[in-house]
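In what follows, a structure is listed as structure tokens, so that the remarks can point back to it.
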Amino acid sequence: MNSTVQFASGEFVPLEMHKVRVVQKLNLLPVEERLQSIEGAGFNTFLLQNRDVFLDMLTDSGTNAMSDQQVAAMSVADDSYAGSESYNRLYEAIVDIFDTEYFLPVHQGRAAEHIISQVFVTKDGVVPMNFHFTTTKAHIELAGGSISELFTDEALKIKSSYPFKGNIDIDKLKAKIEKTGKDHIPYVRMEAGTNLIGGQPFSIANMREVREVCDTNGLMVVLDISLIAENIYFIRTREEEFKDADIKTIIRAMCDLADIIYFSGRKLSCTRGGGIATKSKELYLKMRDMVPLFEGFLTYGGMSVREIEAMAVGLRETLDMNMINQSPQFIKYLVDDLDAAGIPVVTPAGGLGCHLDAKEFLAHVPQLEYPAGALAAALFIVSGIRGMERGTISMDRDADGNDVPSEVELLRLALPRRVFTLSQIKYVADRVKWLYQNRALVGGLEFSEEPKVLRFFVGRLKPNSDWTQKLVAKFREDFPEGI
Ligand code: F0G
């Protein structure tokens, strides 16, 4: 199950347990053109054109490589609005893997969040959770509720060896229920592979405790399994009880503890789309009618039948440890390399990506000058690597129009599954190290166009001094012939 091998030199190196059979050409623009490109994008990596990007590490969402089996399955898709065989094959995979009798397909993860929030979140309802995800929070608030994050004290420590930073603090959960009153809590939400704190897992032991507290109080547990593959990997490698368990056993142990599970297929199954699953007919019926209203008929939910076929195969591939360990092991390789070079990076390595701590990396840039956004822009300029700001820009302003400093100020470098080779990862490490040595040259950003909701997607910024010119000049000095 471990595809990291020891070389004769003694070094441990992760191997790609697949071979490349279809490729996409990449461009690596000269540094001067990369500067123009990020200027054109309002210093927001979401607004870059992909043709200007060398390594797209913005996200793993919808950018994972499909397997030959998935592509083959797409060619036997059964095109029909209702009662498609493709849907039946997906449904069989869902029941087989998660043991949930009821399933609702949706067009992507946030559509599941929309339906769950609209159906269950009451006005002024509070949803306790390990940590929020941007779209989750937005949908709960749209439905009139709010979120309450009950992570443990270890969760936000950048340097840590704590294996389960995604755990909920059980004492905080009990206190929250006591204070809020269970009637104002629509459900408790757990997120596998907790995205915004660095792709960090929770343990099954912790989820069992959450379940117990919820049972005592008659509360539902909703589990976001978009990043379950990596959470499974970490349970298998870090939770003693499951060290020899097969993957299906681990999945069932997690999902059996939830009343409702939902996922983004853009992450979980290397496809697009998403779904909501439950063992409860009653819960299913409460949500069902939202699907034809917002997504599409119950046998496609806004997905193409080709994606549905690929999803069925992709979900089954999640059961293959050789497949799901590639991304965490490559992330570990990158994180350990940067950590050894003294670069502030979230440890222990999680799933999803490598997370640079911009607060520490750019300690001279005040938080309201958006260090994580500035780091994202600077890294793109010096390397053509596109990462994603996960800090204060990703928080919207409060009701009084004030910036809300984010608890963590991260630059996420996502590793889509089966996409990058080890030499590309070595290039990432090299350019991050160069930038760290030259970090004093990087300054802050300010907004020039700022949307009110989810401003990180399309907001435009500009540098608050001429630091970008200085950075390019230094790069040219160090790499006169290079790109
Ligand atoms: N839940 C989690 C844990 C996610 O990471 C995401 C998306 C969603 C829900 C929403 O799913 O995009 O299919 O609508 N995360 C992406 C990311 C966008 O880049 O981390 P979606």
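Counting starts at 1 for both ligands and their atoms, following the listed order.
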Residue Lys332 excluded, over 12 heavy atoms near NZ under 6.0 Å: no
Pairs flagged by salt bridge (charged side-chain N to carboxylate O under 4.0 Å, His left out) wherever residues 89-103 is involved - sequence neighbours left out: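 Found Arg89-Glu309, Asp96-Lys248, Asp96-Arg316, Asp99-Lys279.
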Salt bridge (Lys or Arg N to Asp or Glu O under 4.0 Å) involving Arg208 - partner list, sequence neighbours excluded: Glu241
Protein residues that have a heavy atom under 4.0 Å from any atom of ligand 1, sorted by chain and number: Thr59, Ser61, Gln108, Gly109, Arg110, Glu113, Phe133, Thr135, Glu191, Asn195, Asp224, Ser226, Ser264, Arg266, Lys267, Met388, Arg412
Qualifying ring pair (Phe, Tyr, Trp, His ring centres under 6.0 Å) pairs, either residue in residues 51-72, two or more places apart: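 Ring pair (Phe, Tyr, Trp, His ring centres under 6.0 Å) check on residues 51-72 returns Phe54-Tyr427.
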Side-chain donor-acceptor contact under 3.5 Å, Asn325 with Ser3: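 Ser3 and Asn325 do have a side-chain donor-acceptor pair below 3.5 Å.
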Ring geometry between Phe456 and Phe46 (parallel below 30°, tilted from 30 to 60°, perpendicular above 60°): tilted
